[in-house]
Chemist: 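Mind having a look at this structure? Questions to follow.
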Number of protein chains: 2
Amino acid sequence: MATMADVARRAGVSAKTVSNVLSGYPYIRESTRERVLTAIDELGYELNVTARILRSGRSGVIGLAVPELGQPYFGELADEVLAAARRHDLQVLIEPTGFTRDGELEALREPRRRLVDGLVFSPAALDQGDAHVLENLGYPLVLLGEQIFSSRVDHVTMHNVEGARAATDLLLDVGRRRIALVGMLHAPTAGSARLRFQGYREALEARGLSVDERLLGWADDGWHRANGARAMAAVLDGVGQVDGVVALNDALAIGAMYELQVRGLSIPRDVAVVGFDDIEDARYSVPALTTIDPGRREIAEVAVDLLRRRLDERTGPGEPTRPPVLHVADLRLIERESTPPRVP
Amino acid sequence: MATMADVARRAGVSAKTVSNVLSGYPYIRESTRERVLTAIDELGYELNVTARILRSGRSGVIGLAVPELGQPYFGELADEVLAAARRHDLQVLIEPTGFTRDGELEALREPRRRLVDGLVFSPAALDQGDAHVLENLGYPLVLLGEQIFSSRVDHVTMHNVEGARAATDLLLDVGRRRIALVGMLHAPTAGSARLRFQGYREALEARGLSVDERLLGWADDGWHRANGARAMAAVLDGVGQVDGVVALNDALAIGAMYELQVRGLSIPRDVAVVGFDDIEDARYSVPALTTIDPGRREIAEVAVDLLRRRLDERTGPGEPTRPPVLHVADLRLIERESTPPRVP
DNA sequence: CTGAAAGCGCTAACAT
DNA sequence: ATGTTAGCGCTTTCAG
């Protein structure tokens with residue numbers, strides 16, 4: 001396989017010039033560039049990225065650590081991150097963390113081996129006590145979509161509390177009062193679960209209502225459909241009657257709707273349902289799911305832009321490092337058929 | 001950041017010995033190994049993978065080229081591939097090809113730059129005419145899940161034709177005769193679409209029936225739910241009556257079920273529906289979807305095992321390269337509620 | 001079982 | 001606008 005030196009020899013230039021051409025260095029005579037390009041073509045030469053990384057210290061690869069891709073939210077998020085990365089000419093190494101603390105700690109170690117330049121990390125098992133491991137990692141890190149761990153790390157998050165409050169408010173506005181919450185987790189670590197539950201509680205309390213423990217559906221095995229159905233069943237078996245459901249994500253909501261319909265309940269007439277995430281499924285469930293769009297695309301774009309900026313900072317000598325960023329994406333309540341129209 | 005030389009100095013050995021310890025070379029005195037390990041620990045040393053790759057020519061990273069992760073089938077497949085790779089101590093660089101020929105050709109070029117050792121590739125846009133670009137790539141390639149491109153390349157595929165035939169047979173067995181096919185593609189390139197359509201046709205023809213063009217629902221914009229709903233609508237608007245649906249994947253099936261139910265049709269009483277892929281959604285759609293499990297896990301495992309074996313072959317000197325493998329995974333028809341029970 | 005020397009292919013730094 | 005020199009951190013090869 002041809003090396004840069006081979007190309008240089010054939011083009012009658014030095015290796016450095018070939019390198020310059022390939023790196024987009026602007027000050028090159030047009031004729032020289034063409035000779036080099038021709039030689040590259042004739043030899044079928046391809047740059048050896050590994051050598052470039054070793055020498056330059058930058059790989060052009062970023063890591064993306066997410067729990068699992070089979071969950072539509074993360075699959076769709078990964079696509080957005082991959083697309084944003086491509087726009088920046090970056091490649092992405094995906095580290096599935098499997099919702100485990102060990103998996104997440106392991107993912108944080110990878111960049112130190114220098115194969116990836118920085119990490120976009122969506123934590124799901126670490127908790128506030130782990131905040132210190134996220135600081136001074138020695139490489140740029142952008143945290144995604146959950147709670148705020150540390151003021152010293154870049155975060156791109158969503159309005160979890162406000163979203164859940166908006167969802168609950170909608171149900172209250174249409175007159176529902178026995179509103180179940182599907183997807184509660186016992187783990188104290190559970191970032192978005194805790195925040196979304198907080199939004200639910202705030203909405204109730206703002207109307208002088210309080211949380212009825214019997215309306216809480218637990219899903220400690222993960223926010224999958226199956227668990228949404230199970231949690232819904234448990235609530236229905238426990239209290240008998242429910243007229244609204246706030247699910248902590250769309251998969252849970254769809255599972256819950258399944259269970260409701262199996263029991264002959266009509267949505268939204270008997271029970272109105274709101275989800276969270278606006279995954280593609282939500283649009284085509286039966287009935288179509290009212291949900292919160294947390295601004296996934298914005299989150300992915302901002303995260304990659306930010307990481308890229310941090311990578312560039314490292315190269316630029318002398319530039320002072322900018323202070324940590326906290327970006328909160330906009331959210332939208334998307335009303336579909338699983339809730340009745342609000343009457344004004 | 002500490003280097004191997006630093007560790008060697010501290011442990012009072014040569015760099016090579018450190019390297020040996022890290023590579024699991026067996027013939028090392030236990031006391032030496034311990035001194036090295038201690039030094040590594042004390043210095044917080046981490047191997048620079050890039051330098052290792054440059055020297056050894058092997059990166060331990062494999063590429064996975066798939067259309068997009070937001071489609072549950074590919075998200076779930078990616079998880080299986082990632083898990084299998086981890087068992088082999090391999091990392092995975094994902095190349096989204098976006099269902100385009102250009103994206104797929106681009107993905108094939110990446111390994112040549114030496115950052116990844118080999119590629120697991122699920123083509124969706126290349127066609128038989130492109131078979132030659134898949135041969136003699138200069139790195140190991142395993143093709144996934146579609147048609148057979150070339151007898152000179154390793155393939156891990158599924159029983160597309162048989163699966164679609166089984167799905168159609170089920171509908172015929174329960175007395176359905178106006179069976180729509182949802183998800184047809186005009187592109188001649190469409191591997192699994194063509195094969196699954198063939199299975200549908202074979203099942204019909206085996207009973208002396210023929211394909212009614214008006215029952216074909218097109219989804220050239222991709223096998224998403226939205227297009228399943230649209231294709232179903234087009235068929236219903238065109239022919240009015242249908243009593244069965246074979247969808248070319250589960251997302252299309254779920255979209256089609258949505259459209260049917262919006263129009264007041266009951267599933268499976270008025271229309272029975274079968275999908276293909278057995279994604280997690282299928283279990284929790286309303287009604288739960290009867291579908292074909294193509295053996296996704298087996299496919300991922302066999303593909304990574306095979307790739308790994310090919311990578312090892314390259315190292316082993318003199319061993320003759322084994323001939324190309326064609327592995328076809330087992331499939332299963334999973335009967336749920338979107339089809340009536342078969343009466344014996 | 002361990003060490004010394006060489007060099008993988010490229011680019012940073014400097015020179016011109 | 002292009003060339004020279006040096007070396008990134010590791011593993012291969014060969015010697016002991």
Side-chain angles (χ1 to χ4, degrees), chain A residues 1-37 39-40 43-61 111-115 117 138 312 314-318, chain B residues 1-37 39-40 43-61 111-115 117 138 314-317:
Chain A
M1 196 162 286
T3 79
M4 206 173 250
D6 298 331
V7 175
R9 205 170 313 118
R10 186 172 193 113
V13 299
S14 79
K16 179 62 195 167
T17 301
V18 177
S19 171
N20 283 338
V21 169
L22 255 25
S23 309
Y25 182 71
Y27 308 111
I28 295 175
R29 205 180 304 141
E30 195 45 47
S31 63
T32 309
R33 181 199 311 282
E34 288 200 352
R35 247 175 324 128
V36 169
L37 259 17
I40 286 176
L43 292 171
Y45 167 76
E46 308 216 28
L47 178 78
N48 182 327
V49 232
T50 317
R52 168 184 279 184
I53 301 172
L54 179 58
R55 182 66 244 221
S56 68
R58 293 191 42 174
S59 68
V61 179
R112 308 213 49 201
R113 300 189 220 159
R114 323 255 31 199
L115 191 61
D117 292 335
D312 292 344
R314 295 209 300 177
T315 312
Chain B
M1 194 160 288
T3 78
M4 204 171 250
D6 299 331
V7 175
R9 207 169 312 120
R10 185 172 195 112
V13 299
S14 78
K16 177 59 193 166
T17 301
V18 178
S19 173
N20 281 341
V21 169
L22 257 26
S23 309
Y25 183 70
Y27 307 112
I28 297 177
R29 205 180 305 141
E30 196 46 48
S31 65
T32 309
R33 181 199 310 283
E34 288 200 352
R35 251 179 316 131
V36 169
L37 258 17
I40 286 177
L43 293 171
Y45 168 75
E46 308 218 29
L47 179 77
N48 182 326
V49 228
T50 319
R52 167 184 278 186
I53 302 171
L54 178 57
R55 186 65 248 226
S56 69
R58 293 192 43 176
S59 68
V61 179
R112 306 215 50 200
R113 301 189 218 157
R114 322 257 29 202
L115 190 60
D117 291 336
R314 295 209 299 178
T315 311

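Numbers restart at 1 for each chain; the letters A, B, ... are given by sequence-line order, proteins then strands.
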Chemist: Heavy atoms from C-beta onward define the side chain here; which of dT11(D), dG9(C), dG3(C) lies closest to that of Asn48(A)?
Modeler: dG9(C)
Chemist: Pick base, sugar-phosphate or nothing for Leu47(A), based on heavy-atom distances below 4.0 Å to the nucleic acid.
Modeler: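 Touches sugar-phosphate only.
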Chemist: Given dT4(D), dG9(C), dC10(D), which nucleotide is nearest the side-chain atoms of Lys16(A)?
Modeler: dT4(D)
Chemist: Between Thr32(A) and dT2(D), is there a contact of a side-chain N or O with OP1 or OP2 at under 4.0 Å?
Modeler: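 Checking Thr32(A) against dT2(D): at least one side-chain N or O falls below 4.0 Å of OP1 or OP2.
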Chemist: Which part of the nucleic acid, if any, lies within contact of Val49(B), taking any heavy atom under 4.0 Å across all strands shown: a base, the sugar-phosphate backbone alone, or nothing?
Modeler: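 Counting heavy atoms under 4.0 Å across all strands, no contact is made by Val49(B).
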Chemist: Taking OP1 and OP2 of dT11(C), is either one under 4.0 Å from a side-chain nitrogen or oxygen of Ser56(A)?
Modeler: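 No, Ser56(A) has no side-chain N/O under 4.0 Å of OP1/OP2 on dT11(C).
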Chemist: With a 3.5 Å distance limit and no angle check, can you tell me whether Arg10(A) reaches the backbone of Ala39(A) through a side-chain donor-acceptor pair?
Modeler: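 Side chain of Arg10(A) to backbone of Ala39(A): no pair is present.
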Chemist: So, under a plain 3.5 Å distance rule, would you say the side chain of Arg52(A) forms a donor-acceptor pair with the base of dG9(C)?
Modeler: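 Side chain to base: no pair below 3.5 Å.
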Chemist: Is the phosphate of dC10(D) approached by Tyr45(B) (side-chain N or O, under 4.0 Å from OP1 or OP2)?
Modeler: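 Looking at the OP1 and OP2 atoms of dC10(D), one of them is under 4.0 Å from a side-chain N or O of Tyr45(B).
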Chemist: Using atom types as modelled and distance alone, determine if a side-chain donor or acceptor of Asp117(A) lies under 3.5 Å from a backbone N or O of Gly60(A).
Modeler: yes
Chemist: For Ala51(B) and for Gly12(B), find the nucleotide of DNA chain C with the closest heavy atom, then tell me which residue's nucleotide is more 5'.
Modeler: Gly12(B)
Chemist: Locate the shortest heavy-atom distance separating Leu22(B) from Met4(B); write the atom from each residue and the value.
Modeler: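 Smallest interatomic distance, heavy atoms only, reads CD2-CE, 4.0 Å.
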Chemist: Touch check for Ile28(A), heavy atoms < 4.0 angstrom, all strands: base, sugar-phosphate only, or nothing?
Modeler: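 The residue Ile28(A) makes sugar-phosphate contact but no base contact.
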Chemist: Where the side chain of Thr3(A) is defined as all heavy atoms beyond and including C-beta, which of dG9(C), dC10(D), dT2(C) is the nearest nucleotide?
Modeler: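 For Thr3(A), the side-chain atoms sit closest to dG9(C).
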Chemist: For dT11(D), take OP1 and OP2 only and decide whether either is under 4.0 Å from a side-chain N or O of Ser19(B).
Modeler: yes
Chemist: Any side-chain N or O of Ser14(B) under 4.0 Å from OP1/OP2 of dA4(C)?
Modeler: no
Chemist: Run Ile28(A) and Val21(A) through side-chain contact (heavy atoms from CB on, under 4.5 Å) and show every step you take.
Modeler: CA-CA 7 Å; Ile28(A) 295 175; Val21(A) 169; 3.6 Å; yes
